[in-house]
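Down below is the structure, laid out as structure tokens.
Values reported hereafter were calculated over all heavy atoms of this structure, with side chains retained and with hydrogens, waters and symmetry mates removed. Throughout, protein chains are lettered first and strands after them, A, B, ... in sequence-line order, and every chain is numbered starting at 1.
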Amino acid sequence: MTKFYITTAIPYVNARPHIGHAIEFVEADVIARYRKMRGDDVFLTTGTDENSLTNVLAAEKAGVDVGEFCALNSGAFRKLADSIGLSYDSFVRTAIDNDHAKVAALLWGRCSKSGDIYRKVYSGLYCVRCELYYTDNELVEGLCPEHRTKPELVEEDNYFFRLSAYQDRLLGLIESDRLKVVPESKKNEVISFVKAGLDDFSVSRSVDRAHGWGIAVPADSSQIMYVWFDALGTYLTGAGLPSDMERFRKLWPADMHVIGKGILRFHAVYWPAMLLSAGFELPKEVFVHGYVTADGQKMSKSIGNVVDPQVMLSRYGADALRYYLMKGISTFEDGDFSEKALRDAINNELVGNLGNFVNRTLSFIYDRLAGEVAGQELGEGKLVMEKVHALAREAAALLDEGQLNQALLRIMEISSVGNKYFQENEPWRLLKEGDSGAVNGILLVCANICRTLGILIWPYMPSASEKLLAYIGQERRELKYATELLHGFSVGKPVILFNKVE
RNA sequence: AGCGAGGUAGGGUAGCCUGGAGUGCCCGCCGGGCUCAUAACCCGGAGAUCGGUGGUUCAAAUCCACCUCUCGCUACCA
């Protein structure tokens, strides 16, 4: 059994989850479930990133204790993960997970031992109101782009990581796909970023500037780790380091990090460099998805168009939301979320195409054939099954490449093929004419198509899949069964898989 | 300004890497069929100078150059 260790990025908890977080959860979950269907031993890690100054500021603004604030928002992310059906095996909270603090310290210690962490006086232009350093070219006419104020020249003593030393090795690893960056366009971005030259980056903050929040630098109580330094370590923590070394040895290195495009550098440059320095194996793949806009506009609090996934879940359920996110938004590009489109997809595709095909097939068998179809000469149905199986193999090949959106389109096409076949062969007419042999053959084909569909939709819509497979008495959902032809079915009374929305 | 992503029928998309008749999908529109099914399904049709110009080629939505428009990012945002 091949192990497959997959991670989602860990979101900041400075605000509640929005629809963009939901799409990442769904994407990672679809891949995880697909790998399970293929027979892999899958382990999925997620969690929340809590040691950031952003969180402290957000908590102060809300007038709440930072710890409570993080716990509250982390809970909201966990609730989203649960309700959207993310099949995670470990959930790391960076602020309170004991193992995680140990991992951060261990990582620091190993990088330090390699000689890649050093102290340096850093001076830069600092905007007090942003609490951020700016470089000259970020400033607009010498002023903070946000506040239009003149930044102060601040000097601070920090630790730095020798990223510059890894430039050539990183380039080689990424170009050769030893560290695979998907899609190719993102790989090219990383390559040009690395080629432009890598600067060492600061990996600590003064306790003062960090407002005392975060993981302390080992043996220096005046400094706190830069939030990304500890956050990336989550992937090691999730795998079991350091308390469950047996699991860690089995899972590491990660097979896939699923991330949004905004944090590509951290995952494809900083993180592998840190791992090289610390002497850990590198992850195999960084899988980068786009961002989601809402009704054509960027989601933002000021516009007031932030889509709350929890509201969508309560209105339409996890399967429908998962379906729409995977079908309506392309896997690697930015995409638009609209509730109208979601509702249309439910009514026209889930209900009209998939749900209807399953329903007309199963209710026909149940009502008119006493719930049984048995082996018959399939005739033309054989060609239809071949087409269905070809589409199933195509979908699987696309899923292998991470083309989640394209694969789902193929799967839905199977349902269209089924509807067309049913329509053209008119089993209801043949039944009246008394040709029960032909009717049986047609319905056997349709039942087999239902089974193929039931298996293939599992990564996308697990509940509907399980329901459907249960109705036709087929619980097995390994991928190999999706292209297998069964010669007999016994179906129970069908229940509606998807309901129309008004 | 720099970097990045896009511009394909009324709307939304796929195709572009690995050129080969504008090929496909979803919605909308028009007409027809059917009645097993959640007023659903099936068939047919109208509608596109594939952003523009130039180039490479026997052949370009697809490759190259330039132009134009839109959008995003610019370090702690999935």
Please name the nucleotide paired to B:G44 by Watson-Crick or G-U wobble geometry with both distances under 3.5 Å, or report none. B:C30
Between B:C42, B:U38, B:C77, which nucleotide gets closest to the side-chain atoms of A:Asn419? B:C42
Residue pair A:Pro427 / A:Tyr421, side-chain heavy-atom distance below 4.5 Å: no
Distance, P atom - from B:C16 to B:G24, rounded to whole angstrom: 16 Å
Atom CD of A:Glu401 and atom P of B:G15: how far apart are they, to the nearest Å? 11 Å
Please check this pair: side chain of A:His18 against backbone of A:Gly20, looking for a donor-acceptor N/O pair closer than 3.5 Å. yes
To the nearest Å, give me how far apart CZ (A:Arg368) and P (B:U35) are. 12 Å
d(CE, A:Met412; P, B:C41) in whole Å: 11 Å
Closest nucleotide among B:U38, B:C77, B:C36 to the A:Asn356 side chain: B:U38
Please report the distance, rounded to the nearest Å, between CZ in A:Arg16 and C1' in B:C77. 18 Å
If the C1' atom of B:G11 is compared with that of B:U56, how far apart are they to the nearest Å? 35 Å
Regarding A:Ser465 and A:Tyr460, do their side chains bring together a donor and an acceptor under 3.5 Å, going by distance alone? no
Looking at every strand, decide which applies to A:Gly260 at a 4.0 Å heavy-atom threshold: base, sugar-phosphate, or nothing. sugar-phosphate
Candidates B:C36, B:C34, B:A78 - which lies nearest the side chain of A:Pro11: B:A78
Nucleotide nearest A:Val292 when distance is taken to its side chain, options B:C36, B:A78, B:U38: B:A78
Give one of base, sugar-phosphate or nothing for A:Phe422, where a contact means two heavy atoms less than 4.0 Å apart. base
Using atom P of each nucleotide, how far apart are B:C25 and B:C41 to the nearest Å? 15 Å
B:C50: pairing nucleotide in any strand, Watson-Crick or G-U under 3.5 angstrom: none
Would you classify A:Phe201 as touching base, sugar-phosphate or nothing, given that sugar-phosphate means primed atoms plus P, OP1 and OP2, and contacts are heavy atoms under 4.0 Å? nothing
Could you go through A:Trp428 and A:Phe422, starting from their C-alpha distance and side-chain angles, then the distance that decides it, and tell me whether this counts as side chain to side chain contact (heavy atoms under 4.5 Å, CB included)? CA-CA 9 Å; A:Trp428 60 89; A:Phe422 199 107; 3.7 Å; yes
Around atom NZ of A:Lys79, are there more than 12 heavy atoms of other residues, nucleotides or ligands at under 6.0 Å? no
By the 4.0 Å heavy-atom rule, please label A:Gly355 as base, sugar-phosphate, or nothing. base
Rounded to the nearest 0.5 Å, the CD1 atom of A:Ile174 sits from the NZ atom of A:Lys186 at a distance of 14.5 Å
Would you say A:Asp89's side chain and A:Leu44's backbone share a donor-acceptor pair under 3.5 angstrom? yes
Below 4.0 angstrom from OP1 or OP2 of B:C77, is there any side-chain N or O of A:Tyr12? yes
Take A:His21 and A:Asn347, find for each the nucleotide of RNA chain B with the closest heavy atom, and name the residue whose nucleotide sits nearer the 5' end. A:Asn347
Rounded to whole Å, how long is the line connecting atom CD of A:Glu433 with atom C1' of B:C36? 14 Å
Mapping A:Asp199 and A:Arg429 onto RNA chain B by nearest heavy atom, which one lands closer to the 5' end? A:Arg429
Please determine, for the side chain of A:Trp428, which listed nucleotide (B:U38, B:C41, B:U35) has the closest atom? B:U35
Counterpart base for B:C36, defined by Watson-Crick or G-U wobble contacts under 3.5 Å: none
Paired to B:C58 by Watson-Crick or G-U wobble criteria (both distances under 3.5 Å) is B:G20
Check every strand shown and say whether A:Gly335 touches a base, only sugar-phosphate, or nothing at a heavy-atom separation below 4.0 Å. nothing
Where do N or O atoms of nucleotides 24-33 of chain B meet protein N or O atoms at under 3.5 Å, pair by pair?
unit_1 : atom_1 : unit_2   : atom_2 : d
B:C26  : O2'    : A:Glu349 : OE2    : 2.9
B:G33  : N2     : A:Gln423 : NE2    : 2.8

For the C1' atoms, the ones on B:C71 and on B:U53, what distance do you get once it is rounded to whole angstrom? 23 Å
Between P of B:C77 and CG of A:Asp49, the distance in whole Å: 8 Å
Using purine N1 to pyrimidine N3 plus N6-O4 or O6-N4 for Watson-Crick, or N1-O2 and O6-N3 for G-U wobble, each under 3.5 Å, what pairs with B:C25? B:G12
Between B:U74 and B:G12 - P atom distance, rounded Å: 26 Å
For B:C3, give the paired nucleotide (Watson-Crick: N1-N3 plus N6-O4 or O6-N4; G-U: N1-O2 and O6-N3; both under 3.5 Å), or none. B:G72
Is any N or O donor-acceptor pair between the side chain of A:Tyr270 and the base of B:A75 shorter than 3.5 Å? yes
Inter-nucleotide C1' distance (B:C34, B:G44), Å rounded: 14 Å
Nearest-Å distance once atom C1' is located in both B:G33 and B:U18: 42 Å
Ring-face cation of A:Arg451 near A:Phe489 (centre distance under 6.0 Å, axis angle within 45°): no
Which part of the nucleic acid, if any, lies within contact of A:Leu362, taking any heavy atom under 4.0 Å across all strands shown: a base, the sugar-phosphate backbone alone, or nothing? nothing
Considering only residues two or more places apart or on different chains, which pairs with a residue in residues 255-273 of chain A satisfy salt bridge (charged side-chain N to carboxylate O under 4.0 Å, His left out)? A:Lys3-A:Asp255, A:Asp255-A:Lys284, A:Lys261-A:Asp334
Describe, in one word, how the ring planes of A:Trp108 and A:Phe229 are oriented to each other, choosing from parallel (under 30°), tilted (30 to 60°) and perpendicular (over 60°). perpendicular
Value in whole Å for how far the C1' atom of B:A78 lies from CD1 of A:Ile19: 12 Å
So what does A:Phe25 touch, heavy atoms closer than 4.0 Å: a base, only the sugar-phosphate, or nothing? nothing
Picking from B:U38, B:C77, B:C36, which would you name as closest to the side chain of A:Ser363? B:C36
Which nucleotide sits closest to the side chain of A:Val351: B:C41, B:U38, B:A75? B:U38
Nearest to the side chain of A:Lys420, which nucleotide is it out of B:C36, B:C43, B:A75? B:C43
Partner nucleotide of B:A78 by Watson-Crick or wobble geometry (both distances under 3.5 Å): none
Provide the distance between the two C1' atoms, one in B:G47 and one in B:C30, to the nearest whole Å. 11 Å
Can you tell me if A:Asp29 uses its side chain to pair, donor with acceptor, with the backbone of A:Phe25 under 3.5 Å? no
Nearest-angstrom distance from the residue atom CZ of A:Arg265 to P of B:C77: 14 Å
Quick one: label A:Thr361 by what it contacts on the DNA or RNA (base, sugar-phosphate, nothing), any heavy atom closer than 4.0 Å. nothing
Tell me what A:Gln406 touches on the nucleic acid: a base, only sugar-phosphate, or nothing, going by heavy atoms under 4.0 Å. sugar-phosphate
